[in-house]
Novice: 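Quick one: structure below, then a few questions.
All heavy atoms count here, side chains included; hydrogens, waters and symmetry mates do not. As the structure lists them, so they are numbered: ligands from 1, and atoms in each ligand from 1. Note that the structure is predicted; figures quoted are calculated from it, not measured.
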Amino acid sequence: MFAIRLTDVPDDTSTRVVPVGPGLDAEASALAAATEGADVAGRVTVFPRPLRQPSRVLLAGVGAGDEAGWRAAGAAAIREVADDEVLEVHLPGAIAAELVRGLAEGLWLGGYRYRDAPRGPRTGEVRIFTDESDAYAESLAQAQITARAAWLARDLTNTPSSVKNPEWFAAQVVAEAQNRPGLTVTVRAGDELERFGGLRAVGAGSVSPPRFVELSWQPPGATTHVVLVGKGITFDTGGISIKPRDGMKLMKKDMGGAAAVIAAVLGAADLGLGLRLTALAPLAENAVSGSAFRPGDVITHYDGSTSENTNSDAEGRIVLADALGYAADVLHPDLVLNLATLTGANAVALGKRTAALFSPWDDLAAALTEAGTATGERMWRLPLSDDYLDNLRSDIADRISAPAGPGAVMAALFLRDFFGDARWAHLDMSAPSWSETHELELTKGATGWGARMLLRYLSTLDSGQQAGA
Ligand code: BES
Ligand code: MN
Ligand code: ZN
């Protein structure tokens, strides 16, 4: 990760970034006045050495001047500069600490590059020029932890599936956890997956066998236990119910849910949150082969219930059912959050940037939505429509896996059976897990969707609890 430092010594040789927006344009007023629209969030206007200044000046629009606007400004500014360039952002006096956090997050997120990209990492650094360094140190540290979590989720998701098999993914989690005290990882494989009938079925067609990863953070004194479950299909061909070629192109991203929940628990440990957290990642490759599971097969899940496979491309819910059953049976959590690139219907209903949220609890749905809005990882609530329950009926099992009906809703109804007694929410993040373009704080490719939203939600839950205690 490139460095961002707070400084009160100006550097006259680096490129200077001047945020412009409501009430901020003192330093840049002459330039901004000459440039209509310079304050639009995420817009950068470049002046090569204006007004005989020693350095290049970038006006970076912060829009409404909220956290999202500052994040957009940071991301746009970093995209404007060369890899080895030093950038100095001039803050206009004292601003709210959350805006500095937004700025720094935007700089890191917009400056993200896949860790194995041929260009290599950025070598330049960013200096935030301010008299208030002490006031912003904590915001900067939080931004770094959050951005690092998003970088990890993006890196895991951008990794080609030829590299990223279940064993590799599990090894990444072990390596990340080793660097951080207080975390434990369990990886189950082979015979240890006996009760995970869904995970074994979906993984049966691949030469790379499945894994079940459990990452836990248990700080002393924590009472509330939140389990985060993430779909970890390392590649989704659709299996015997094979996908058409265009539908398969991006299916290396089908472990984005697993990447987000793992990154969130690592980030929560870095933040030192006082919650007990467990991330569960059922990892499998949904491949086509003579050993693949078939339409018509009946699968016995962790909780002992059965599903008739009616379309092997509905593999996500089958592996998640086992993970959710395990959570309910073994972990007895207070809350379960499930993240999955589950259905193409997510994008049909809500477009490219918005996840579908399902939860029976209004307060939980509202809190998650708020965390999503604040971090720019948006979601929209869809109904758990009981009027479609009949479609799930099977003659030979407790349910079928791929019923007719509205796709994202049907998948949520399928999963609902497995959450047990805990409060829960399910997020179908198929659409926002990937970006076709550099846009605001997103870079082209994996977005890491969910990691930042989860960290924000969990931080809020943690501070609410401390206030209540
Ligand atoms: N991984 C896909 C969903 C997906 C599609 C994610 C597009 C990201 C972009 C999932 O496993 C899938 O294939 N879902 C099917 C379900 C159907 C067979 C019931 C779908 O949405 O078509
Ligand atoms: Mn599928
Ligand atoms: Zn899938």
Novice: Just go through R317, M251, M410 and tell me whose heavy atom is the nearest to atom 9 (C) of ligand 1.
Specialist: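 Nearest option to atom 9 (C) of ligand 1, by heavy atoms: M251.
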Novice: Salt-bridged, E439 to K444, with N to O below 4.0 Å?
Specialist: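 Salt bridge between E439 and K444, a charged N being under 4.0 Å from a carboxylate O: no.
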Novice: In terms of side-chain geometry, is the basic nitrogen of D254 or K164 positioned less than 4.0 Å from the acidic oxygen of its partner?
Specialist: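 Salt bridge: no.
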Novice: Within ligand 1, which atoms have a heavy atom of T341 less than 4.0 Å away?
Specialist: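 Reading through ligand 1 atom by atom, the close ones are 1 (N), 2 (C), 3 (C), 6 (C).
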Novice: Taking N, O or S atoms only and a limit of 2.8 Å, check whether K231 reaches the Zn ion (ligand 3).
Specialist: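 Checking K231: at least one N, O or S atom is under 2.8 Å.
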Novice: Between E105 and R452, is the closest basic N to carboxylate O distance under 4.0 Å?
Specialist: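 A salt bridge links R452 with E105.
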Novice: Shortest non-hydrogen contact from W217 to G272?
Specialist: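 The pair with the smallest heavy-atom distance is CZ2-CA, 4.1 Å.
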Novice: Taking the six-membered ring of F169, is the NZ or CZ of R211 close enough (under 6.0 Å from the centre) and on axis enough (within 45°)?
Specialist: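 Relative to the ring axis of F169, which defines the angle, R211 lies outside at least one limit.
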Novice: Of all N/O/S atoms in D254, which lies nearest to the Zn ion (ligand 3)?
Specialist: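 Result for D254 and the Zn ion (ligand 3): OD2.
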Novice: Which atom pair, heavy atoms only, marks the closest approach of A258 to A281?
Specialist: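 Looks like CB-CB, 3.9 Å.
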Novice: Distances under 2.8 Å only: what protein N/O/S atoms are near the Mn ion (ligand 2), ordered by chain and residue?
Specialist: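 You should have found D236 OD2, D313 O, D313 OD1, E315 OE1.
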Novice: Just let me know how T343 lines up against ligand 1, side chain, backbone, both or neither, with a heavy-atom cut-off below 4.0 Å.
Specialist: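 The answer is both, backbone and side chain.
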Novice: I'd like to check which ligand 1 atoms, numbered from 1 as shown, lie under 4.0 Å from a non-hydrogen atom of E315.
Specialist: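 Atoms satisfying the 4.0 Å criterion: 11 (O).
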Novice: Do D270 and R180 sit within salt-bridge range, that is, some charged N less than 4.0 Å from a carboxylate O?
Specialist: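 Looking at R180 together with D270, the answer is yes, because their closest N to O distance falls below 4.0 Å.
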Novice: Write the atom name of the N, O or S atom in E315 that is nearest the Zn ion (ligand 3).
Specialist: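 The nearest such atom is OE2.
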Novice: Looking at D428 and R317, does any basic side-chain N land under 4.0 Å from a carboxylate oxygen?
Specialist: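 No salt bridge links D428 with R317.
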Novice: Look up atom CG in L442 and atom CH2 in W434, then write down how far apart they are to the nearest 0.5 Å.
Specialist: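 CH2 of W434 is found 12.0 Å from CG of L442.
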Novice: Between L250 and ligand 1, find which residue part has any heavy-atom pair under 4.0 Å and reply side chain, backbone, both or neither.
Specialist: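 Contact part for L250 vs ligand 1: neither.
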Novice: Has ligand 1 got any nitrogen or oxygen that is less than 3.5 angstrom from a nitrogen or oxygen of D236?
Specialist: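 Yes - when backbone and side-chain N and O of D236 are compared with those of ligand 1, one distance drops under 3.5 Å.
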Novice: Would you call R456-E67 a salt bridge at under 4.0 Å N-O?
Specialist: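 Yes.
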Novice: Please classify the M429 to ligand 1 contact at 4.0 Å (heavy-atom distances, strictly less than): side chain, backbone, both or neither.
Specialist: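 Under 4.0 Å from ligand 1, M429 contributes no heavy atoms.
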Novice: Which residue in the set I299, I396, D395 passes side-chain contact (heavy atoms from CB on, under 4.5 Å) when paired with E308?
Specialist: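 Looking at I299, I396, D395, the match for E308 under the side-chain contact (heavy atoms from CB on, under 4.5 Å) is I396.
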Novice: List the steps, then state whether ring pair (Phe, Tyr, Trp, His ring centres under 6.0 Å) holds for F418 with Y302.
Specialist: CA-CA 9 Å; F418 298 94; Y302 193 95; over 10 Å; no
Novice: When you look for heavy atoms under 4.0 Å from ligand 1, do you find them on the side chain of D254, its backbone, both, or neither?
Specialist: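 Just the side chain.
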Novice: Keeping the roles fixed (side chain from N309, backbone from F293), state whether a donor-acceptor pair exists under 3.5 Å.
Specialist: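 Checked: no pair found.
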Novice: Ignoring hydrogens and geometry, is there a side-chain-to-backbone donor-acceptor pair from S433 to S430 under 3.5 Å?
Specialist: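 Confirmed, S433 side chain pairs with S430 backbone.
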Novice: Would you mind checking if D191 and R200 are paired as a salt bridge, meaning a charged N to carboxylate O distance below 4.0 Å?
Specialist: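 D191 and R200: not salt-bridged.
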Novice: Before signing off on this row, confirm whether G344 and ligand 1 have an N or O atom pair separated by under 3.5 Å.
Specialist: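 Yes - when backbone and side-chain N and O of G344 are compared with those of ligand 1, one distance drops under 3.5 Å.
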Novice: Report the nearest protein non-hydrogen atom to atom 18 (C) of ligand 1: residue, atom name, distance rounded to 0.1 Å.
Specialist: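 The closest heavy atom on the protein side is N311 ND2, 3.2 Å.
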Novice: Specify the protein heavy atom at minimum distance from atom 8 (C) of ligand 1: its residue, its atom name, and the distance to 0.1 Å.
Specialist: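 Checked against all protein heavy atoms, atom 8 (C) of ligand 1 sits closest to K253 CE, 3.4 Å.
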Novice: How far is atom 12 (C) of ligand 1 from its nearest protein heavy atom, and which residue and atom name does that atom have?
Specialist: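 Of every protein heavy atom, D313 O, 3.1 Å lies nearest to atom 12 (C) of ligand 1.
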Novice: For ligand 1, which is the ligand I care about here, please tell me if S430 has any N or O atom under 3.5 Å from one of the ligand's N or O atoms.
Specialist: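 No, no N or O pair falls under 3.5 Å.
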Novice: So, are D329 and R195 salt-bridged, with charged N and O less than 4.0 Å apart?
Specialist: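 Salt bridge present between D329 and R195.
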Novice: What part of K231, side chain from CB on, backbone N/CA/C/O, both or neither, has a heavy atom under 4.0 Å from ligand 1?
Specialist: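 Looking at K231 and ligand 1, just side chain atoms fall under 4.0 Å.
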Novice: Among all the protein's non-hydrogen atoms, which is closest to atom 14 (N) of ligand 1, and how far away is it?
Specialist: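 Going atom by atom, the protein heavy atom closest to atom 14 (N) of ligand 1 ends up being L342 O, 3.3 Å.
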Novice: Need the atom name: nearest N/O/S atom of D236 to the Zn ion (ligand 3).
Specialist: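 For D236, the N, O or S atom at the smallest distance from the Zn ion (ligand 3) is OD2.
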Novice: Any protein heavy atom under 4.0 Å from atom 22 (O) of ligand 1?
Specialist: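 Protein heavy atoms within 4.0 Å of atom 22 (O) of ligand 1 - there are none.
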Novice: Under 3.5 Å between any N/O of K243 and any N/O of ligand 1: does that happen in this structure?
Specialist: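 It does: an N or O of K243 is found under 3.5 Å from an N or O of ligand 1.
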